[in-house]
Peer 1: 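Pasting a structure here, questions to come.
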There are 2 protein chains.
Amino acid sequence: MTPDGEAQLRAASLRVTRPRLAVLTALRGHPHVDTDTVISLVRADHPTVSHQAVYDVLRALTNAGLVRRIEPAGATARYETRTSDNHHHVVCRSCGAIADVDCAVGHAPCLTASHGHGFVIDEAEVVYWGTCPDCSEGS
Amino acid sequence: MTPDGEAQLRAASLRVTRPRLAVLTALRGHPHVDTDTVISLVRADHPTVSHQAVYDVLRALTNAGLVRRIEPAGATARYETRTSDNHHHVVCRSCGAIADVDCAVGHAPCLTASHGHGFVIDEAEVVYWGTCPDCSEGS
DNA sequence: CCCTAAACTTGATTCATTCCAGAATAGTGG
DNA sequence: CCACTATTCTGGAATGAATCAAGTTTAGGG
């Protein structure tokens, strides 16, 4: 099993608070959800947590590397706990569903495009666009 | 030279209007600008064009494929006229500058990751994150 | 058990984008 | 060349994700 939230927070020298644990738990069970959904999930157990707290927590966890923020074009920010393995995402054009995709071309393939106008490139982000099973079925 | 705006619009069966020509011209001269900048550029020549018109035009041109919309995480939508050659972009983390990057791994490399949870993938979008020459110089 | 910085609550604010109702206009058919 | 209609444009209000601000609570070191 993944280390429990408390251990993760301490390892990142972040204070262990109820809202933070709740957000981590919510994201564990529901990958790729937006902020609003996180708020709902958190409030299921802790009704008094403010939306601002969730925004703060998500930012803190993202900065600490415990959570990864993804932001597909035309959608609001989503979050997931699967970090540090440079995987990518498929996004459904019609319903917005997101699924994980392991890096196709081995590891960090695209960083080879380094001769980009003098830019120092440190990350290559890939987003696949398409149609999810549910949506392509209907048509 | 690129075909003039009027020809492009007619080829796409779009009406030829002053705002549309102005937007096309603005984007030709200034790639990767956001909507607000487009509005300013357009108004330099045609002060009466409404912001709504620019939004409408950008959407119409994008749907017609005359313009491509890019939307890096954490930034507002940008537009460019270079289409139909599947190139990618480098984005500067500190100043937000964007530059074009030709597809590194040949053509449409990444579509090979097709076995993604039953998704039918039709496009692979790549965004390189890094630091532009100007910004890395200062540090 | 105190104390202080960090975190949280509440509520207002920003800003890109969209929605709406009415006026203008491109371009087809007469 | 003119009239007609759908499309487009104008001006202004509304939406919604996200941020800011002031004051209260709390984690956790001393």
Side-chain angles (χ1 to χ4, degrees), chain A residues 4-26 32-43 45-64 66-67 69-79 96 98, chain B residues 4-26 32-43 45-64 66-67 69-79 96 98:
Chain A
D4 65 4
E6 180 167 348
Q8 285 191 288
L9 288 170
R10 291 197 193 286
S13 16
L14 291 175
R15 288 195 183 172
V16 179
T17 67
R18 225 169 287 278
R20 287 178 174 177
L21 291 173
V23 167
L24 275 176
T25 305
H32 313 137
V33 291
D34 58 34
T35 308
D36 231 51
T37 305
V38 175
I39 293 174
S40 303
L41 290 168
V42 167
R43 286 187 177 158
D45 285 332
H46 307 272
T48 67
V49 173
S50 68
H51 72 122
Q52 184 60 57
V54 174
Y55 274 101
D56 284 349
V57 168
L58 286 172
R59 176 155 34 185
L61 296 183
T62 302
N63 290 339
L66 297 188
V67 153
R69 175 189 177 120
I70 53 187
E71 206 171 334
T76 58
R78 315 266 172 142
Y79 297 87
I98 299 179
Chain B
D4 65 5
E6 180 167 346
Q8 285 191 288
L9 289 170
R10 292 198 192 285
S13 12
L14 290 176
R15 288 194 182 172
V16 180
T17 67
R18 224 168 288 275
R20 289 180 174 175
L21 291 173
V23 167
L24 275 176
T25 304
H32 312 137
V33 291
D34 59 32
T35 309
D36 230 49
T37 306
V38 175
I39 293 174
S40 303
L41 290 168
V42 167
R43 286 186 178 158
D45 285 332
H46 307 273
T48 67
V49 173
S50 67
H51 72 123
Q52 184 59 58
V54 174
Y55 274 99
D56 285 349
V57 168
L58 286 172
R59 174 155 36 184
L61 297 182
T62 302
N63 290 340
L66 297 189
V67 153
R69 174 189 178 120
I70 53 188
E71 206 170 334
T76 60
R78 316 264 171 147
Y79 297 87
I98 299 179

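Naming convention: chains lettered A, B, ... in sequence-line order (proteins, then strands); numbering from 1 in each chain. Quick caveat: nothing in here was measured; it's all calculated off a predicted structure. Basis for what follows: all heavy atoms, side chains included, without hydrogens, waters or symmetry-related copies.
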Peer 1: Tell me the closest heavy-atom pair linking I98(A) and R78(A), and the distance in Å.
Peer 2: CD1-CG, 3.9 Å
Peer 1: I'd like to know whether L61(B) forms a side chain to side chain contact (heavy atoms under 4.5 Å, CB included) with L9(B), so could you lay out the CA-CA distance, the side-chain angles of the two residues, the decisive distance to 0.1 Å, and finally the verdict.
Peer 2: CA-CA 8 Å; L61(B) 297 182; L9(B) 289 170; 3.7 Å; yes
Peer 1: Going through the checks in order, is the side chain to side chain contact (heavy atoms under 4.5 Å, CB included) test met by T35(B) and T76(B)?
Peer 2: CA-CA 8 Å; T35(B) 309; T76(B) 60; over 6 Å; no
Peer 1: Report yes if some heavy atom in the side chain of V49(A) is under 4.5 Å from a heavy atom in the side chain of V54(A); otherwise report no.
Peer 2: yes
Peer 1: Classify every nucleotide of nucleotides 21-30 of chain C by which part a protein heavy atom approaches to under 4.0 Å, writing B for the base, S for the sugar-phosphate alone and - for neither, in 5'-to-3' order.
Peer 2: ----BBS---
Peer 1: Which heavy atom in R20(A) sits nearest to a heavy atom in A60(A), and how many Å separate them?
Peer 2: NH2-CB, 4.1 Å
Peer 1: Checking all strands, does T76(A) fall into the base, sugar-phosphate, or nothing category for heavy-atom contacts under 4.0 angstrom?
Peer 2: sugar-phosphate
Peer 1: Between C1' on dA14(D) and CD on Q52(B), what's the gap in Å once rounded to a whole number?
Peer 2: 12 Å
Peer 1: Between C1' on dC15(C) and CG on D34(B), what's the gap in Å once rounded to a whole number?
Peer 2: 12 Å
Peer 1: Write down the atom of A22(B), the atom of H46(B), and the distance for their closest heavy-atom approach.
Peer 2: CB-CD2, 3.7 Å
Peer 1: Calculate the interatomic distance between I39(A) atom CD1 and dC8(C) atom P; express it in whole Å.
Peer 2: 13 Å
Peer 1: Is there a side-chain contact between R59(B) and N63(B) (heavy atoms, below 4.5 Å)?
Peer 2: yes
Peer 1: Quick one: does any side-chain atom of E71(A) pair with a main-chain N or O of G74(B) as donor and acceptor, under 3.5 Å?
Peer 2: yes
Peer 1: Could you check if a side-chain atom of V67(A) sits within less than 4.5 angstrom of a side-chain atom of V57(A), using non-hydrogen atoms only?
Peer 2: no
Peer 1: Would you tell me if any nitrogen or oxygen in the side chain of T48(B) comes within less than 4.0 Å of OP1 or OP2 on dC9(D)?
Peer 2: no
Peer 1: What residues in residues 53-61 of chain B put a non-hydrogen atom under 4.0 Å from any atom of DNA chain D?
Peer 2: A53(B), V57(B)
Peer 1: In whole angstrom, what separates R20(A)'s CZ from dT25(D)'s P?
Peer 2: 19 Å
Peer 1: What closest approach, in Å, do G5(B) and L24(B) show between heavy atoms, and which atom pair accounts for it?
Peer 2: CA-CD1, 3.8 Å
Peer 1: Quickly work out the H51(A) NE2 to dA17(D) C1' distance and round it to whole Å.
Peer 2: 11 Å
Peer 1: Return yes if some donor-acceptor pair links the side-chain N/O of R69(B) with the main-chain N/O of A77(B) below 3.5 Å, else return no.
Peer 2: no
Peer 1: Using five pairs at either end of the helix from dC1(C)-dG30(D) to dG30(C)-dC1(D), determine the angle between the two local helix axes and round it to 10 degrees.
Peer 2: 30°
